Trainee: 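Have a look at the structure that comes next, please.
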Number of protein chains: 2
Amino acid sequence: MSNKNIGIKDVAIAAGVSVTTVSHVLNEVSYARISPETRDKVRTISEQLGYGPNRLAQALRTQRTGMLGLVSEDIATTPHAGRIILGADEAARARGYNLMIINTSGSASIESRQADVETLLDRRVDGILYATMYHRNVELPANLGSVPSVLVDSVATGGNITAVIPDEEGGARAAVGALLEAGHTRVGFINNTDDVPATRQRLQAFRATLTEAGLDGDAAPVESEVSEVQGGYEAARRILARENPPTGLFCYNDRIAMGAYRAAAELGLTIPADLSVVGFDDQELIAANLHPGLTTVALPHYEMGAWAIEHLIDAVEGKTDLTLMALHPTILSCPLVRRDSITAPRQ
Amino acid sequence: MSNKNIGIKDVAIAAGVSVTTVSHVLNEVSYARISPETRDKVRTISEQLGYGPNRLAQALRTQRTGMLGLVSEDIATTPHAGRIILGADEAARARGYNLMIINTSGSASIESRQADVETLLDRRVDGILYATMYHRNVELPANLGSVPSVLVDSVATGGNITAVIPDEEGGARAAVGALLEAGHTRVGFINNTDDVPATRQRLQAFRATLTEAGLDGDAAPVESEVSEVQGGYEAARRILARENPPTGLFCYNDRIAMGAYRAAAELGLTIPADLSVVGFDDQELIAANLHPGLTTVALPHYEMGAWAIEHLIDAVEGKTDLTLMALHPTILSCPLVRRDSITAPRQ
DNA sequence: GGACGTGGGAGACAGATGAGCAACAAGAAC
DNA sequence: GTTCTTGTTGCTCATCTGTCTCCCACGTCC
């Protein structure tokens, strides 16, 4: 049990030594020559008194706070934020750092986001993690450059900051591959309508994977809608109304897949027997709870948070040069999560 | 644009005054007598240089960090955490405070959770918000008492800490009331099996509301299952298989309601025409995306986070005595969110 | 010419770290 | 035996960046 009224001075007095000696002993300063007896005494007394150094004073003196700033866009509106924060927090505490969090809005002005970073800077964080909630191009506040920073789930428009993003293409290939592997030859894709990298990359990977498997990727049925349940429903109705409808459906995300489930049910199609479906995102609340469970692709949010913190700390401690890594974003893989929504096509 | 190499000393030199004067001007110290000209000059220079005080040094001297600790249980596993954090962050920044976050596990040992609090204490946070992810009785680390603290979404086993919790009973009454109001007389409840306050309170409110409406609350059909989709499905099958099955169904949470939707679909029952359903939690991903949209009761996570921070800061600033508030937990209401899953019973 | 008002500065302080120095004992050199 | 060297042990003092409590200088008023 520690008592925060105890300072190093109190320990020093109680142990009958100077504060310097206490500091040297407790920090195990290599060049300090202090007898084992004194060391023991200092440690014992310090323990008894429940002494813990005042991190503020320590930080002031050493110019290191051991705090990292985490600015998170739209923390409450997506369940992904939690995983990024968890990954970041666990990686940080494993190396003795803590997180200061600031929430911001993706639609906030650049000035307001700059002020957020400023707040962090005034508190002398050692580095900053800037997390967006979906993969896109983002304009970053200029003052981010004042300390080591890493961008999570986006790339900067300027492009000169280290970033970590999900492997959209690999994920999409895995999803389509799962359908192909099950024997489907008529495979469709319900895409998103937003102009984000994922939209283009997943589509391209979809076509490429089919083509490489000897199918006609360019002719494969594709519908686009807003990436919500309703959009998924509508697009699925359209795609399933085509002649020779697909027996395998790759959906841009799990919400679209949820809409497709409803469309299938209305058409009397059983999943997966009549229609195999694969999603993207692995939003557990949806994917695991649909019936049958939705096979989908997981976004590595936890991993991205941890990766970012790991490299941020390396940079803070001078073990890495982030500017070198800034040349290309780091890509983390998106594993396929197999549940029960894919099987071989009928007949 | 601020430059963090600039200290108060630089401002003082540039303005040709002492650091004392700069400090007095910028902090608008009431008893300081400084001419308007000097004040202007100091402010102008300070602005030009982009000076901002070093919050560490400031905190060290004033014994106030302006930082609040937020220990959050299981941040990643529930979407509720995000809303608590958002409410807390917005309330905090509105009053010039920032949040330091630490994630912990609800199943972590008391020692480990105590160490988490210790970390916060070593950094001299002015107060601590301890947030659990669902309403229950929790054993708190003893060192929480060292600074003002507020508990969110739980009450402490000891009971001597200010807490804010959702109005389970009011929420349940609103849910059942909505069914009654629509004209249902055969109303059932699918309860949770966990031994948490919500289980008891929602059940009790369910029966009481029926009884007060002139129905036989004690005889109303109730089934209990684990509060997941599968449990909801099974319980719904059972409750709907009874003779004279209910036409209105109150579900312990939205996941159970999702299971009930599936059960209804399998039995050929249309929602809401054949079966009206009301949930609890307002997990948007589920409630808004089911078809038809699920009418449910929202938990005031944002509000609890904001309320807690507000009162925490009041306590830190000496405007409130938390020990007085600790006598009884504060209860925040759970509003009904109307969507499309309730209508009048057939015939 | 002492009291008082005005404008602003000096220095202690918050709680640590770190470079360099002092005190002392033991052994070496003469 | 005295002085010098060297190693051991731990302390002094400056530093980090602000805040805050006196205190001082100077002019004026009665």
Side-chain angles (χ1 to χ4, degrees), chain A residues 2-43 45-46 49-67 96 121-126, chain B residues 2-43 45-46 49-67 96 121-126:
Chain A
S2 131
N3 181 340
K4 288 321 164 198
N5 306 322
I6 299 289
I8 196 173
K9 200 180 301 179
D10 303 295
V11 178
I13 292 171
V17 298
S18 74
V19 294
T20 304
T21 303
V22 176
S23 174
H24 285 171
V25 170
L26 297 183
N27 291 324
E28 294 178 339
V29 172
S30 60
Y31 53 77
R33 293 159 323 213
I34 297 165
S35 68
E37 296 78 46
T38 307
R39 286 178 189 277
D40 272 0
K41 185 162 55 175
V42 169
R43 276 195 262 261
I45 302 269
S46 150
L49 264 39
Y51 169 72
N54 182 326
R55 299 282 249 128
L56 290 176
Q58 211 170 37
L60 181 62
R61 183 67 238 261
T62 60
Q63 306 288 352
R64 274 290 165 75
T65 53
M67 297 263 294
L121 258 20
D122 282 344
R123 295 211 182 260
R124 298 300 191 277
V125 293
D126 292 336
Chain B
S2 126
N3 180 339
K4 289 318 164 200
N5 305 322
I6 299 289
I8 197 173
K9 201 180 302 180
D10 303 294
V11 177
I13 292 170
V17 298
S18 73
V19 294
T20 305
T21 303
V22 176
S23 175
H24 284 170
V25 171
L26 297 183
N27 292 324
E28 295 177 340
V29 172
S30 60
Y31 53 79
R33 295 166 320 223
I34 297 164
S35 67
E37 298 77 46
T38 308
R39 285 177 190 277
D40 272 0
K41 186 162 54 176
V42 168
R43 275 195 263 260
I45 302 268
S46 150
L49 264 39
Y51 169 72
N54 182 325
R55 300 281 247 128
L56 290 176
Q58 211 170 39
L60 181 61
R61 184 66 238 258
T62 62
Q63 305 288 354
R64 272 292 164 74
T65 54
M67 296 262 297
L121 258 20
D122 282 344
R123 295 213 181 257
R124 298 302 191 275
V125 293
D126 292 336

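Values in this document were obtained by computation on a predicted structure and should not be read as measured data. By convention in this document, chain letters (A, B, ...) are assigned in the order of the sequence lines, proteins followed by strands, and residues within each chain are numbered from 1.
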Trainee: Would a distance-only check, ignoring hydrogens and angles, find a side-chain to backbone donor-acceptor pair under 3.5 Å from R39(B) to E37(B)?
Mentor: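 Flag not set: sc R39(B) to bb E37(B) has no pair under 3.5 Å.
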Trainee: Using atom CD1 of I8(A) as one end and atom P of dT15(D) as the other, report the distance to the nearest whole Å.
Mentor: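 Whole-Å distance recorded here is 19 Å.
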Trainee: Can you tell me if Y31(A) touches the phosphate of dG20(C), counting only side-chain N or O atoms and a distance under 4.0 Å to OP1 or OP2?
Mentor: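 So the side chain of Y31(A) is outside the cut-off, no N or O lying under 4.0 Å from OP1 or OP2 of dG20(C).
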Trainee: Could you state the atom-to-atom distance from CG of N27(A) to P of dA19(C) in whole Å?
Mentor: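 So the CG-P distance, N27(A) to dA19(C), works out to 13 Å.
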Trainee: Grab the CD1-C1' distance between I6(B) and dG18(D) for me, whole Å please.
Mentor: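 The answer, rounded to whole Å, is 15 Å.
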Trainee: How about D10(B) and N5(B): do any of their side-chain heavy atoms sit closer than 4.5 Å?
Mentor: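 With C-beta onward as the side chain, the pair stays apart.
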Trainee: Rounding to an integer number of Å, can you tell me how far D10(B) CG sits from dG18(D) C1'?
Mentor: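 These atoms are roughly 13 Å apart.
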Trainee: Please check the phosphate of dA16(C) (OP1 and OP2 only) for any side-chain N or O of Y51(A) closer than 4.0 Å.
Mentor: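 For dA16(C), OP1 or OP2 has a side-chain N or O of Y51(A) closer than 4.0 Å.
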Trainee: Rounded to the Å, how far apart are L56(A) CG and dT19(D) P?
Mentor: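 L56(A) atom CG is separated from dT19(D) atom P by 14 Å.
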Trainee: Could you pull out all residues at least two apart from T38(A) that satisfy side chain to side chain contact (heavy atoms under 4.5 Å, CB included)?
Mentor: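 Only V17(A), T21(A), I34(A), S35(A), V42(A) meet the side chain to side chain contact (heavy atoms under 4.5 Å, CB included) criterion with T38(A).
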Trainee: Using whole Å, report how far CG of L26(A) lies from C1' of dG10(D).
Mentor: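 The distance from CG of L26(A) to C1' of dG10(D) comes to 15 Å, rounded to the nearest Å.
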Trainee: Side-chain contact, heavy-atom cut-off 4.5 Å: S46(A) with V22(A)?
Mentor: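 SC-SC contact between S46(A) and V22(A) ruled out.
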Trainee: According to side chain to side chain donor-acceptor pair (under 3.5 Å), who are the partners of R123(A), at least two apart in sequence or on a separate chain?
Mentor: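 With sequence neighbours excluded, R123(A) shows a side chain to side chain donor-acceptor pair (under 3.5 Å) to N98(B), given in chain and number order.
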Trainee: Extract from the structure each pairing of a protein N or O with an N or O of nucleotides 8-14 of chain C at less than 3.5 Å, listing the distance.
Mentor:
from	atom 1	to	atom 2	distance (Å)
dG8(C)	OP1	T38(B)	OG1	2.6
dG8(C)	OP2	S35(B)	N	2.8
dG8(C)	OP2	S35(B)	OG	3.4
dG8(C)	OP2	T38(B)	OG1	3.3
dG9(C)	OP2	S18(B)	N	2.9
dG9(C)	OP2	S18(B)	OG	2.9
dG9(C)	OP2	T21(B)	OG1	2.5
dA10(C)	N7	T20(B)	OG1	3.4
dA10(C)	N6	T20(B)	OG1	3.0
dG11(C)	O6	T20(B)	OG1	3.3
dC13(C)	O2	R61(B)	NH1	3.3
dA14(C)	O3'	Q63(B)	NE2	3.0

Trainee: How long is the span from the CG atom in L56(B) to the CZ atom in R61(B), to the nearest 0.5 Å?
Mentor: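 These two atoms lie 15.5 Å from each other.
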